[in-house]
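Here the structure comes first, spelled out in structure tokens, and everything after it is commentary.
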There are 2 protein chains.
Amino acid sequence: MSETKPTQASGESGSPDSESMPREEQFVDFLARQGLKLTRQRRAVVNEIFSDAGHFEAEELVERLKGHRTRVSRATVYRTLELLRECRLVEKLDFGTQRSYYEHVSPSEHHDHLICIRCGNVIEFHNEALETLQKEICGNFGFQESYHSLRIFGHCSKCAQTIH
Amino acid sequence: MSETKPTQASGESGSPDSESMPREEQFVDFLARQGLKLTRQRRAVVNEIFSDAGHFEAEELVERLKGHRTRVSRATVYRTLELLRECRLVEKLDFGTQRSYYEHVSPSEHHDHLICIRCGNVIEFHNEALETLQKEICGNFGFQESYHSLRIFGHCSKCAQTIH
DNA sequence: TTCGGTGCAAACTCTTTGCACGACG
DNA sequence: CGTCGTGCAAAGAGTTTGCACCGAA
């Protein structure tokens with residue numbers, strides 16, 4: 001038996017500042033190390049991303065940022081997402097649609113996805129046995145894993161009932 | 001210990017007709033059931049895809065088809081790929097580049113991917129324990145799996161040695 | 001003051017689509 | 001023969017980029 005726990009970030013509205021601070025600091029460090037600048041726009045993007053624990057698409061982020069004091073152009077959003085990817089604070093996903101999905105990464109809390117192909121709902125989960133097994137497989141091939149992505153597509157419990 | 005076996009289709013040049021026939025028949029059936037026509041172009045696309053056991057991108061397929069007697073336009077390639085996806089003979093993958101990758105599906109031989117982020121090489125593998133564990137996880141969530149995709153990104157044995 | 005950053009709009013890439021002609025069933 | 005399919009070229013969608021001005025360090 002495997003101990004699988006959902007890691008889904010469900011409906012929050014509080015201010016997870018204590019959570020998001022270390023991430024912004026990581027980004028600041030990264031920028032400093034690369035001789036890059038911490039601009040108002042970059043700060044806005046990072047704050048917006050880490051103020052919510054879900055997945056998002058580039059366009060959605062552009063929209064969300066319209067609520068900010070600092071205006072951030074679409075180009076800057078894409079450019080910043082690329083930087084965040086470089087310093088591994090953000091990952092690019094693919095759920096089968098044409099647009100890219102992103103999600104922020106918490107180094108310690110990796111998770112995989114169950115994606116409902118009917119209602120589009122995404123369930124996150126984490127399973128240690130699965131992680132272990134994957135490491136073992138990589139070992140067999142002398143493959144040095146950097147990261148992985150497991151997406152299981154199908155019908156969630158609600159939708160499965162409606163199919164008959 | 002898990003029995004993991006590579007399923008990589010490495011360097012073939014023979015004529016796998018006996019293998020590809022049943023697939024074309026499946027497609028013919030599908031077309032017939034839907035009241036669709038089996039055109040020269042569709043046949044060319046299917047033959048080309050199943051004459052090789054690798055992954056391919058749409059553009060690459062367009063190129064490969066230029067060697068055929070029958071000319072097939074880019075539009076038709078995309079349209080046929082969509083049909084092949086509908087009848088589950090082809091799957092669309094995403095290896096992190098902007099273009100889509102496709103691969104043909106053999107219902108009985110599912111596999112996952114190790115993708116080298118340095119040289120781009122893709123290793124296919126299959127591991128029963130992994131499959132079992134995933135089914136178990138789905139069960140925990142009352143999730144009804146249709147298909148899944150596991151991609152492990154990192155460095156292949158060759159590239160890992162060159163890093164130091 | 002000095003580079004790197006930003007916004008804008010145009011460019012790009014991959015994919016989809018409207019239309020008139022062509023060919024499978 | 002009647003549709004469905006095809007090729008073409010143009011349109012879309014998402015993302016990237018060149019350039020001149022702007023601002024963090």
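Please read these numbers as outputs of a predicted model, since none were measured by experiment. The sequence lines fix the lettering, A, B, ..., with proteins before strands; numbering per chain opens at 1. Every heavy atom of this structure was used, including side-chain atoms; hydrogens, water molecules and symmetry mates were not.
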field: Partners passing side-chain contact (heavy atoms from CB on, under 4.5 Å) against Tyr147(A) (at least two apart in sequence or in another chain)
entry: Arg88(A), Glu91(A), Ile117(B), Phe153(B)
- line: To the nearest angstrom, the CZ-C1' distance between Arg43(A) and dA24(D) comes to 10 Å
task: Please name all residues satisfying side chain to side chain donor-acceptor pair (under 3.5 Å) with Thr39(B), sequence neighbours left out, ordered by chain then number.
output: none
task: Would you please classify the geometry between the His111(B) ring and the His113(B) ring as parallel, tilted or perpendicular, with 30° and 60° separating the classes?
output: perpendicular
field: Residues which pass salt bridge (charged side-chain N to carboxylate O under 4.0 Å, His left out) with Glu131(B), listed by chain and number, not counting sequence neighbours
entry: none
message: Just the rounded figure in Å: distance from C1' of dG5(C) to CZ of Phe27(A).
response: 12 Å
Whole angstrom value for the distance that separates C1' of dT16(D) from CG of Leu81(A): 13 Å
- prompt: When the distance from CZ of Arg42(A) to P of dG23(D) is rounded to whole Å, what number comes out?
  reply: 15 Å
query: How many Å lie between CZ on Phe30(A) and P on dG5(C), as a whole number?
result: 11 Å
query: How would you list, by chain and number, every residue that makes a side-chain contact (heavy atoms from CB on, under 4.5 Å) with Arg69(A), sequence neighbours excluded?
result: none
Counterpart residues, side chain to side chain donor-acceptor pair (under 3.5 Å), relative to Thr80(B) (two or more places apart): none
- prompt: Got a sec, which residues hit side chain to side chain donor-acceptor pair (under 3.5 Å) with Tyr101(B), two or more places apart in sequence or on another chain?
  reply: Glu57(B)
- request: Report the distance from atom CG of Leu84(B) to atom P of dG5(D), rounded to the nearest whole Å.
  value: 13 Å
- prompt: Can you list the residues that meet the side chain to side chain donor-acceptor pair (under 3.5 Å) rule with Ser73(B), with sequence neighbours excluded?
  reply: Thr76(B)
Enumerate all atom pairs, one protein N or O and one N or O from nucleotides 22-25 of chain C, separated by less than 3.5 Å.
unit_1  : atom_1 : unit_2   : atom_2 : d
dC24(C) : O2     : Lys37(B) : NZ     : 3.1
dG25(C) : OP1    : Leu38(B) : N      : 3.0

- request: Output every pair passing side-chain hydrogen bond (donor to acceptor under 3.5 Å, both in side chains) with a member in residues 59-68 of chain B, not counting sequence neighbours, ordered by first then second residue.
  value: Glu48(B)-Arg64(B), Glu48(B)-His68(B), Glu59(B)-Arg74(B), Glu63(B)-Lys66(B)
Check: protein-nucleotides 10-19 of chain C nitrogen or oxygen pairs below 3.5 Å:
unit_1  : atom_1 : unit_2    : atom_2 : d
dC14(C) : OP1    : Arg99(B)  : NE     : 2.8
dT15(C) : OP1    : Ser100(B) : N      : 3.4
dT15(C) : OP1    : Ser100(B) : OG     : 3.3
dT15(C) : OP2    : Tyr78(B)  : OH     : 2.2
dT15(C) : O5'    : Tyr78(B)  : OH     : 3.2

message: Tell me whether the side-chain N/O atoms of Ser73(B) come closer than 4.0 Å to OP1 or OP2 in dC8(D).
response: no
Which residues share a side-chain contact (heavy atoms from CB on, under 4.5 Å) with Leu36(A), sequence neighbours left out: Leu31(A), Gln34(A), Arg42(A), Leu83(A)
task: Measure the angle between the two terminal helix axes of the helix from dT1(C)-dA25(D) to dG25(C)-dC1(D), five base pairs each, and quote it to 10°.
output: 40°
query: According to a strict under-4.0 Å criterion, is Arg71(A) in side-chain N/O contact with OP1 or OP2 of dC8(C)?
result: yes
- request: I would like to know whether Arg85(A) and Glu82(A) meet salt bridge (charged side-chain N to carboxylate O under 4.0 Å, His left out); could you show each step before the answer?
  value: CA-CA 5 Å; Arg85(A) 228 152 71 91; Glu82(A) 185 51 34; 3.5 Å; yes
